[in-house]
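So the structure is just underneath, and the comments pick up after that.
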Protein chains: 2
Amino acid sequence: MRIGKVAERAGVSVRALRYYEEQGLVIADRSPSGHRQYPESAVERVKFIQLLYAAGLTSKAILQILPFLDTLVATPQMTRRLTDERARIRVRIDALTKAHDRLEELIRLAAEYENSPATCSASADIAASHTSPPRR
Amino acid sequence: MRIGKVAERAGVSVRALRYYEEQGLVIADRSPSGHRQYPESAVERVKFIQLLYAAGLTSKAILQILPFLDTLVATPQMTRRLTDERARIRVRIDALTKAHDRLEELIRLAAEYENSPATCSASADIAASHTSPPRR
DNA sequence: CTAGAACCTCACGTCAACGTGAGGTTCAAG
DNA sequence: CTTGAACCTCACGTTGACGTGAGGTTCTAG
């Protein structure tokens, strides 16, 4: 398969695929004329790479993990890398969840305001005192 | 309060605080000599900003949201901004959760390998066929 | 009164994952 | 055989949230 098709089917740009090769994430054969030739499996591989990128991993981190997909041989270091990244992702999820909840709270306040604009001034400290324990 | 103390208490760098001011996220008074003077509330405000940064919002998006914290006046646009950002965060959480689950699956495979390295070759397509529905 | 900490303003550097031409070759359809 | 799409290799540009000096002023403890 050629690069354009892979790009289309994996939902990434052609440039991105060349970049992945440059980073060692995807290996492509070459036709005699120099065009990249990808196996079918490249599409899934690229989707997996995208998944990890979206989770905040760097090329370098992904490069450390990919060999496991190829060989399915789990060295202790590999297992650690996997669990480490999982842990980092968990931390990010927690941070995002906090932000989500905080926004939800503000949205609740906004709705409350729209119902009765005049009587909402008492909610001010609810908005302000979120990240620290309530005073008084 | 001066910039160093705010930085320390909010857990950010002095440079970051100057950057926030440049972006209009935090307004600081100035002493006659030109040193920034922050109110107590600045610490919480900065923590909130950090929370949103961590959730992937840009300075511009945060700038759109901050007025609500100050005034607690919810215009329809403000409510939309809040819900929009909440939605984007949800999308990110979902993406991260997918990556998390995928890694978890790989970790399971790795553990399985460590228990019986020889008998694991049959699991290969489990690792490969995740993002697409099973063939055959 | 003096030294060192803390502050100030430019302003360039960084890092990652690509985007975007430039300039040229190869492929596939008519 | 031609022409336009698709491909190739440089190689510089982009974006965001700061880091990092440079060079100078102000504050504060002893």
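We name chains A, B, ... by the order of the sequence lines, and we start the count at 1 in each one. These numbers come from the heavy atoms of this one structure, side chains and all, not from hydrogens, waters or symmetry mates. What you see is a predicted model; the values in this text were computed from it and never measured.
Atoms CE (M1(B)) and C1' (dA6(C)) sit 16 Å apart, rounded to a whole Å. Across the protein-nucleic acid pair, Q37(A) atom CD and dA6(D) atom C1' stand 13 Å apart, rounded to whole Å. Atom-to-atom, CZ of R18(A) to C1' of dG19(C) comes out at 12 Å; the value is rounded to the nearest Å. Taking atom CZ of R30(B) as the reference point, atom P of dT25(D) lies 17 Å away to the nearest angstrom. Straight-line distance from the CZ atom of R15(A) to the P atom of dT14(D): 15 Å, rounded to whole Å.
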Worked check of ring-ring contact (aromatic ring centres under 6.0 Å, His included) between Y53(B) and F48(B): CA-CA 9 Å; Y53(B) 271 135; F48(B) 180 64; over 10 Å; no
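Here R2(B) lies in heavy-atom contact (under 4.0 Å) with sugar-phosphate atoms only. Using a 4.0 Å heavy-atom criterion, one finds that S31(A) contacts no nucleic acid atom at all. Residue-level contact check: L57(B) touches the backbone only, with heavy atoms under 4.0 Å from sugar-phosphate atoms and none from bases.
Distances shown here put every side-chain N or O of T58(B) at or beyond 4.0 Å from the OP1 or OP2 atom of dA17(D).
A heavy atom lying under 4.0 Å from DNA chain D marks the following residues of residues 19-29 of chain B, by number: Y19(B), Y20(B).
Between E85(A) and R88(A) a salt bridge is recorded (basic side-chain N to carboxylate O distance below 4.0 Å).
Defined by atom type and a distance below 3.5 Å, a donor-acceptor pair is missing between the side-chain atoms of H100(A) and R86(B).
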